[in-house]
Amino acid sequence: MKEPVRNRARWQTKPSSIAVLLLLALVLWGYVVGPLVSTFQRSMSIGGNPLSEYTPFLDFGSVQSEAVRGSLMISLLSVISAGTIGIFLAVLLNRWDFRFRRIYKAMVLVPIALPPLMGVKAFYLLYGKAGTFPQLLAQIFHTSPTTFALTGVAGVLLVHTLTMYPYFYLSVAASLAQADDSLEEAAYSLGASPFQAWTRVLLPMLTPPIVAGALLTFMSSMASYTAPLLFEVNNVMTVQIANNAASQQSLASAVAVMLAAISIVFLIAIRAYEQRTVYRTQSKGGARKRRRVTSPVARVVLFISALISTIVLILPIAMIFLLAFSENYSWRTAPLPSAYTLQNFTKLFSDADAWAPIRNSLEMSAIAVAGAAVLGVTSAYVTARMRFRGRGAIDIAMMLPWALPGTVVAFNLIVAFARPSVFSFGQILIGTYWIVPLAYFVRFSPLIFRSTSSSLAQLDPSLEEAARSLGSTWWGAFRRVVLPLVSSGIAGGVLLAFVAGVGEFVATIMLFPRLKFRPLSIAINDELNVGRWGTAAVLGVVQVLLVLAVVILMRRVEDRNTMTHTS
Amino acid sequence: MSVLSLDALTKTFQRAGTVVDSVKLHIEAGEFFTLLGPSGCGKSTILRMIAGFEEPTSGRILFGDRDVTFDPPNQRGIGMVFQNYALFPHMSVSQNIAFGLEVRKLPSSEINTRVAAVLDQVQLSTLGSARVDQLSGGQQQRVALARALVIRPKFLLLDEPLSNLDAKLREETRSMLRAVHNASGVTTIYVTHDQEEALAMSDRIAVLNTGKIHQVATPREIYEKPATRFVADFIGHNNVVEATVKNASDRSVVIRFHNNAELTLDSQQRAPEVILTPGSRVGVCVRAESLRITTDNGIFAGVLTGVEYSGSGFSCVVSTEFGNLRMEIPSSVPLPAKGERVRLQVAESSLHMVAPS
C-alpha cells in the first residue's frame, strides 16, 4: 500500500483568505493592541529600574495607590447600590401586577437615553451644590443648601447607581421573564414555604444575571470619568490619567496600564462567565402569570415604591428638557431657573455656529462607524466561520477596546500617534481632525462586532453550505444568504455605535482638536463652563432625541424581522 | 465504471481524532447507496467531504475520473438535503427552489418552468409563494428535496433527512424519496443511523463503525450474511452465541456449543474473515425470528423472562446459559407463561458465522 498523501486545508493556502487575515491583524495591531503596548513602553523608565513608575502603587501613601483604592472602593459601592436598585426594580415590575405597571416598565428604561456629559451635569444640578433639592430643603429647614448637597464620592455613587442599575435590571428582568413557573410550583408542591422557594430556588436561578450585571457595573465604574470630574473626586484612576496625560506622561502611563490590566481581567471574567450555562425555561408555551396582589396595603406599597423610583429615574432627563427651555444665566439662587424661552432652540436653526458641533459630531461618528462596520463585520465573520490559530486572539483584541475605559483608549492614542507612524500614514494625528473619528472607531467597533457575532451565532452554518452546494460562490452565498439574515444584527450594532460616537465625551475631551472642529460633547462642556446651561441643555436634548430615534428605528427593524421570520 | 469513488479517504480532526479511516468506496450510476452506522461513525463526515464542506486529511474523491478532492462545493454540481433542511428563511418556497438555478444564470422562463415542475413532483404546487416558516416539517423537507433536485445534480446527498419527522410522516417521505429516485434516476447517497430505513430503501449499504467500513453489500446480504461481529450486532435482532469448530471439510463444518449441542452447517455460512480449523472459536448469529419453541430437546434451553406485544406477535427474552436470547413468537403460537422453562430450536440454514468477540 502506498503512503497516503497528506492534504493541506485549501482555504489556509488561499491567498485571499490570508490577505484578509493579515489585514485584520494589521488593523487590530495598529489601532488597538499597538497603542496599548506603546503606553506600556512609555511607562517604563529609561535607565535605572525600568519599573520605577510602578513602585508607588505598592506605597500605601502615594497618590497612585490612593487612586487605585478610590476607584476600587467606588466601583464596589456602585455594584452594591446599583445592584440593589436594579434587582429591586426587576422583581417589582416583573413579579407582581399592579396599576400602571406597564407604564413604569417603559419608564425605568428611559435613563438609558441619558446623554453622557449633560446627563451627569443634570444630576449635579439636581442634587449637587446649589442644586434643586438642596435649595428646596434649605428653604424648608431655613439652613444653607450645602447641608443637603451631595458632594464628592456620594454624588459619584448616586450617578453610578442611577445610570448603571440597567445592567442588573435588564439581565434580571430577562431571567425572570424566562424563568419557569413550574420550578417555583415544584418547590411549593414539595412543601417549601414562599421564603424557602425564594432563597432555595429563585435566587440561585438569578445568580447568573446578577453576576453578569455586577461584572459590567464594576467595569463601568472603574471606567467612569465624567461623574468624578463633575463631583470633583480626584483620587480615582481615570481622573489621574487625564490630569497627568500631558504634564507627567510616564506617571499617567503607569496608571493607564494598571487600569487596563484590571479591565482586561474583567473582560476575561465576563467572557468566561458568558460561556457558562444560562438557566432557560424548560416547559412549553404558556406565558407566566404575574402574582395579582390582593392585600390593599401591599398594593399601595408597591404602587408608591414604583412611583417614587420612576420619578427619581426620570428626573435627570426632565431636568435637561427644563434647562433647554430656560434662559442662560437665569438660575442663581432658586431651586429652578427663573426665566424661560424658546430661543435656545431657535438659535440652533438660525445660527450656523450653534449647529456646527452637531454637524461635526454626526460627521465624525459617521466616518468612524463606516470603518467600524467593515472591521466589526469582517472580524465577526472570520471568528465565527473560519478555523485557524489565533482566532481567540482576534476575538480578545476586538473586545479589548470595549473593556478599556475611554480615558485609557484616548491616552493610548495620544502616546501612539504623537509621532508619525505607519498606521497614521506618516502623519502626527494628535491635534488633527482625524484623531477623534479614530478614537470613536477604536472604541465602538466592538459594538458592531458583538451584535454581528451574536447574529451569526444564531445563523445555522448549513444555510451557507446549502447555498454553496446549490452552486453559489463564497461571495454569492455571503451576499444573498448570510448578509440578509444578519443585517438586523449589523444594523443594531451600527446604530448603537453611531449614537455612542455622537455623544462621546470621555475620550473626546482628551483628544479634541482645534476649536474649528468642536464636536458636540466639547461644545456642551464649553457652554457649561461659561454657565450657558440653556445652550448646553439644548445640545443634550438633541442627543436624547437621537437616542430615541435610534431606539424606535431598531424596534422597527426587529418588528420587520419577526414578521418575516416567524409566522 | 463507477460515478463516484472514494480512495483511501481519511479525515482527522484535531480534537476528535480520526473519524474517517481510509474509506474506499465505489458507487455506481443510478444507485441508491446508504451509509449506515451509529452516531459518530463518520458517515456524515464522508457525506460532507463528498459535498466539499470538509477537506479530507488524505485520500481522494473522484467523480467519474475527475479528481474533485479540492474543488469548492459550488463547482461540484451536487444536490444536498440537510438534516435540518437549511431552507433560507428570508425567501419564499419558490425563491428557495429557484436559488440554484439563478446562481447558474438560467433564463427566467426556464427557471419558472423547472420550479413549477419540481413543485409538482413533490406535491407542493399550491405553496410556491408561501414563506418557509409557514410550512410543516414534512413540507419543509419536500422543499429541501425540490431545491436539491431542481439543479439536476450529479448526485443527491441526503443527510438523515427523516430524523426530524414523526413516525407516520417518515413512512410517507420514505416512499416519496424512493419514488423520486426511481423517476429521476439520480445517483443518491443517503446517510442514516436507522437500519430499518437503510434496509428498506437502499440498493446497497455500507455499514460503518468508528470511521471504518465493515461491509458493503445489498440489504439482504447485510441482513443475512453480516461480515463482522459489529454488523451482526447492529443489524436486525441478532443473538450472537459463541461456539467452537469441531471439524471442518471443504463443504461443511460441525460446530459445538458450550452446552455440547452440535450442528452441521454449510461452510459458506460464514463471513470471509472466519477461519474454519478444528478448535477455533466462532460467533454464531441466531436471528430472533429464526428461533422457535420446541417440545423435543432443542439446542438452547432457558426461562422466559420478558414478553412485549408487538402487534404481529410477541418479542420475548429467554434467559439461557448463553445469556439473554431475543426471539419472536408469532400470535398464532401459544405463548408460554412468564417464568416457564422453554426449549428452543433453530433452523441450521438460517445461521451465519462471524469472528468471535
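To find a chain, count down the sequence lines: A is the first, B the second, and so on, and within it residues start at 1.
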Determine, step by step, whether A/Val481 and B/Phe99 satisfy the side-chain contact (heavy atoms from CB on, under 4.5 Å) criterion, reporting the C-alpha distance in whole Å, the side-chain angles of both residues, the deciding distance to 0.1 Å, and the verdict.
CA-CA 10 Å; A/Val481 175; B/Phe99 185 89; 4.1 Å; yes

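At a threshold of 4.5 Å between non-hydrogen side-chain atoms, the residues A/Ser469 and B/Phe53 count as touching.
The contact between A/Ala467 and chain B is made by backbone and side chain atoms together, counting heavy-atom distances below 4.5 Å. Residue B/Leu87 touches chain A through its backbone alone, counting heavy-atom pairs closer than 4.5 Å.
Contacts with chain A were tallied for B/Gln14, B/Glu102, B/Gln75, B/Glu54; B/Glu102 has the most, counting heavy-atom pairs under 4.5 Å. Put simply, of B/Met80, B/Met91, B/Gln83, B/Arg104, the one with the most heavy-atom pairs under 4.5 Å next to chain A is B/Arg104. The choice from B/Ala86, B/Ala148, B/Gly100 that makes the most heavy-atom pairs within less than 4.5 Å of chain A is B/Ala86.
Rounding to the nearest 0.5 Å gives a distance of 7.5 Å between CG of B/Asn84 and CG of A/Leu463. Summarising the geometry, atom CG belonging to A/Leu485 is positioned 4.5 Å from atom NE2 belonging to B/His90; distances are rounded to the nearest 0.5 Å.
Contacts of A/Glu465 classified as salt bridge (Lys or Arg N to Asp or Glu O under 4.0 Å), with partners at least two apart in sequence or in another chain: B/Arg48. B/Lys168 is linked by a salt bridge (Lys or Arg N to Asp or Glu O under 4.0 Å) to B/Glu172, counting only residues two or more places apart in sequence or in another chain.
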For a quick test of your reading: what N or O donor-acceptor pairs under 3.5 Å do the side chains of residues 151-161 of chain B make, sequence neighbours left out?
residue, atom, partner, partner atom, Å
B/Lys154, NZ, B/Arg76, O, 3.1
B/Asp159, OD1, B/Ser44, OG, 3.3
B/Glu160, OE1, B/His193, ND1, 2.8
B/Glu160, OE2, B/His193, ND1, 3.4

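Applying a 4.5 Å heavy-atom cutoff, none of the residues of residues 111-128 of chain B approach chain A.
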